[in-house]
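To keep things clear, I will list the structure first and then write my remarks on it.
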Amino acid sequence: MDIDVKEPAPDDGALRRRLLGIGLGGAAVSLLPFLSGRASATTPPNSTPDSTAVPTTSTPPKRPTTDDVTLLGFAQGVELAARNLYDVALGADDFDDSTRAVLATIRESHESYATSLSGLLGRQAPQTPDAVFDHLQSSFSGDPRSVLQSAYALESTAVATHIEILGKLQGTDGAALIASILIVEARHGTVLAALSEATILDDLLVSVEADALTPAEG
Amino acid sequence: MSRHAKLGRREVLRIGGFSVATAAVISACGEHERGQVGRVGTAGTTSSLPQAVVTNVTLLRTASSIEHSVISVYDQVIGNSELLDAKYDDMAKRLRDDHAAAAKAIETLTTDASGEAWTCGNPKFDDVIVTPVLNRITKGSEATATASAVEPSDDPHRDILHFLHGLESVTAAMYQSFVPQFSAADLRAEGMTAGVRSARHAALLALTINPDRPGGLVNFTDAVNAEPASPPTTAAATTTTTQNIASPSGGGATAAPVQQTEIPTVTAIPSAFGSLAATPLVVGRGDENGTRLKLNVETPSLNSFVYEYMKPTC
């Protein structure tokens with residue numbers, strides 16, 4: 001028996017129905033996003049939603065900004081000046097072994113600070129000691145007790161300067177480095193006061209901080 | 001027979017209905033309310049956890065909480081000659097007052113930043129550090145199924161000074177650790193002003209605890225590296241143990257005393273840069289094995305922050 005496999009031409013009514021079906025299916029799919037909001041489960045209205053508004057925060061930059069580079073370069077100059085001043089002090093043979101060991105350790109620390117700042121700034125690091133070296137050079141030679149007092153004042157000046165810088169830095173990398181320097185330079189003052197045989201708490205705790213250096217003054 | 005059945009009205013409706021039903025099923029399985037998990041049916045109500053966001057206010061509240069925790073320790077030891085040698089009372093009062101001033105300043109910064117000032121101790125820090133340490137020093141520890149009781153400290157004066165030194169070191173390190181977390185530069189400077197003060201407190205306590213010179217002043221290794229030609233004069237002597245093999249002890253001989261955990265030495269300038277590593281703290285009398293209470297005190301972090309949703313309980 002022959003089977004007629006020839007596609008019969010659809011009549012107009014069938015075509016209309018097929019288009020209608022396709023249209024309904026398409027409409028259902030297009031309504032999917034809308035229906036999903038209605039048909040699915042929701043959190044009950046009597047639950048306790050978090051009503052605390054999440055505060056907006058602004059993320060500070062990590063790397064030093066252009067202004068930061070100037071400030072950190074100035075900080076490096078202060079550290080190099082401090083290192084050179086301790087070199088002057090250690091040039092004399094007037095200290096006992098303990099005092100000498102402490103001064104040498106503090107000298108190394110200041111050099112480490114300058115090196116770290118250099119690493120952060122790269123080619124923009126000035127690598128130049130601050131002018132405070134010239135101002136204080138004479139006070140770092142002579143009587144050991146007066147040298148220790150000058151060193152004590154220098155450390156307090158460095159702390160005040162770095163706190164001032166910290167209040168202006170925007171980049172967190174530079175701020176974190178300055179903070180790690182600050183926390184130890186603060187201890188230097190107490191140790192130098194102890195070496196000077198200070199017994200008054202205000203002296204040992206450096207209650208009165210020295211004035212900060214500024215780039216203009218430096 | 002024709003294989004091409006015509007698409008009737010019923011089939012069109014069937015297809016359309018199936019599409020809608022499928023869409024409904026799919027959508028019921030989907031997420032909708034952003035940030036909340038949907039529930040189907042009746043069940044007990046749930047409450048969502050509060051937002052724990054580390055903001056400037058969170059950091060400031062944490063800082064003042066630690067200041068108050070430290071103040072509470074000073075308050076417990078000042079005037080108590082069993083815990084703090086009376087000759088250190090004036091020093092301790094001064095350090096305590098410095099912390100009170102720092103707490104006040106931080107609380108003002110908190111309110112200036114539109115936050116609620118935190119005037120209590122840090123709950124986590126108190127639970128995990130302050131209370132266990134003070135209990136071990138003053139009361140020892142009770143016997144358990146696996147360990148004998150431990151008596152109170154064999155030297156409370158020593159332990160309290162070490163504890164105060166540890167607290168001051170951690171407070172200073174906390175302010176240092178907050179510097180890159182504060183989003184405002186002025187808060188970094190304000191915080192470090194308090195941090196610098198705590199660092200000097202720690203240095204003064206180290207000088208009080210450790211009379212060696214320069215060992216109590218600077219780190220021994222740093223001193224040697226800085227000036228190898230003039231090594232420190234107070235280097236720790238190497239301890240040796242001699243054994244007489246010709247006359248061995250044993251049998252009826254008395255057992256050697258249990259070696260107690262060594263107390264770490266402290267130094268006024270322990271390193272060139274401020275460290276954020278945990279501060280080791282060893283206090284109390286050793287247990288039957290000679291082991292004292294050993295803690296690594298960390299700077300506050302996510303578990304010990306005083307978030308803005310937390311309410312003071314003091």
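Keep in mind that the numbers below use all heavy atoms, side chains included, and drop hydrogens, waters and symmetry copies.
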Could you tell me which of A:Leu204, A:Thr99, A:Val191 has the largest number of non-hydrogen atom pairs under 4.5 Å with chain B? A:Val191
What closest approach, in Å, do B:Leu207 and A:Ala194 show between heavy atoms, and which atom pair accounts for it? CD1-CB, 3.6 Å
Could you tell me which portion of A:Glu164 (side chain, backbone, both or neither) has an atom closer than 4.5 angstrom to a non-hydrogen atom of chain B? neither
Would you check, one step at a time, whether the test side-chain hydrogen bond (donor to acceptor under 3.5 Å, both in side chains) holds for A:Thr115 with A:Ser118? CA-CA 5 Å; A:Thr115 304; A:Ser118 177; over 6 Å; no
Looking only at heavy atoms, what is the nearest atom pair of A:Val88 and A:Phe140, with distance? CG1-O, 3.7 Å
For atom CG of B:Asp97, is the number of surrounding heavy atoms from other residues, nucleotides or ligands below 6.0 Å larger than 12? yes
Are the side chain of A:Thr161 and the backbone N or O of A:Leu213 linked by a donor-acceptor pair below 3.5 Å? yes
Would you say the ring centers of B:His99 and B:His201 fall short of 6.0 Å from each other? yes
When heavy-atom pairs shorter than 4.5 Å are enumerated against chain A, which of B:Ser198, B:Ser271, B:Pro180 gives the highest number? B:Pro180
Checked B:Ala184, B:Gly191, B:Pro270 vs chain A; the most non-hydrogen pairs under 4.5 Å come from B:Pro270
Picking from B:Ala185, B:Ala173, B:Gly195, which has the most non-hydrogen pairs under 4.5 angstrom with chain A? B:Ala185
Is a side-chain donor or acceptor of B:Gln181 paired with a backbone partner of B:Ser177 at a separation under 3.5 angstrom? yes
Please look at B:Phe182 and chain A and tell me whether the side chain, the backbone, both or neither of the residue comes under 4.5 angstrom of a heavy atom of that chain. backbone
Determine the option with the most heavy-atom pairs under 4.5 angstrom with chain B, choosing from A:Thr172, A:Ile183, A:Ile165, A:Val102. A:Ile183
With a 4.5 angstrom heavy-atom cut-off, is it the side chain or the backbone of A:Leu177 that approaches chain B, or both, or neither? side chain
Is it the backbone or the side chain of B:Leu95 that comes under 4.5 Å from a heavy atom of chain A, or both, or neither? side chain
Count the heavy-atom pairs under 4.5 Å between each of B:Asn219, B:Asp186, B:Leu217 and chain A, then report the option with the highest count. B:Leu217
Minimum heavy-atom distance between B:Ala199 and A:Arg187, given as atom pair plus value: O-CG, 3.5 Å
Using modelled atom types only, decide if a donor and an acceptor are shared between the side chain of B:Tyr88 and the backbone of B:Leu205 within a distance under 3.5 Å. no
Which portion of B:Ser114 sits near chain A, non-hydrogen atoms under 4.5 angstrom: neither
Heavy-atom proximity to chain A below 4.5 Å, by part of B:Arg188: both
Taking side chain as everything from C-beta outward and backbone as N, CA, C, O, which of these in A:His188 sits under 4.5 Å from a heavy atom of chain B? Side chain, backbone, both or neither. both
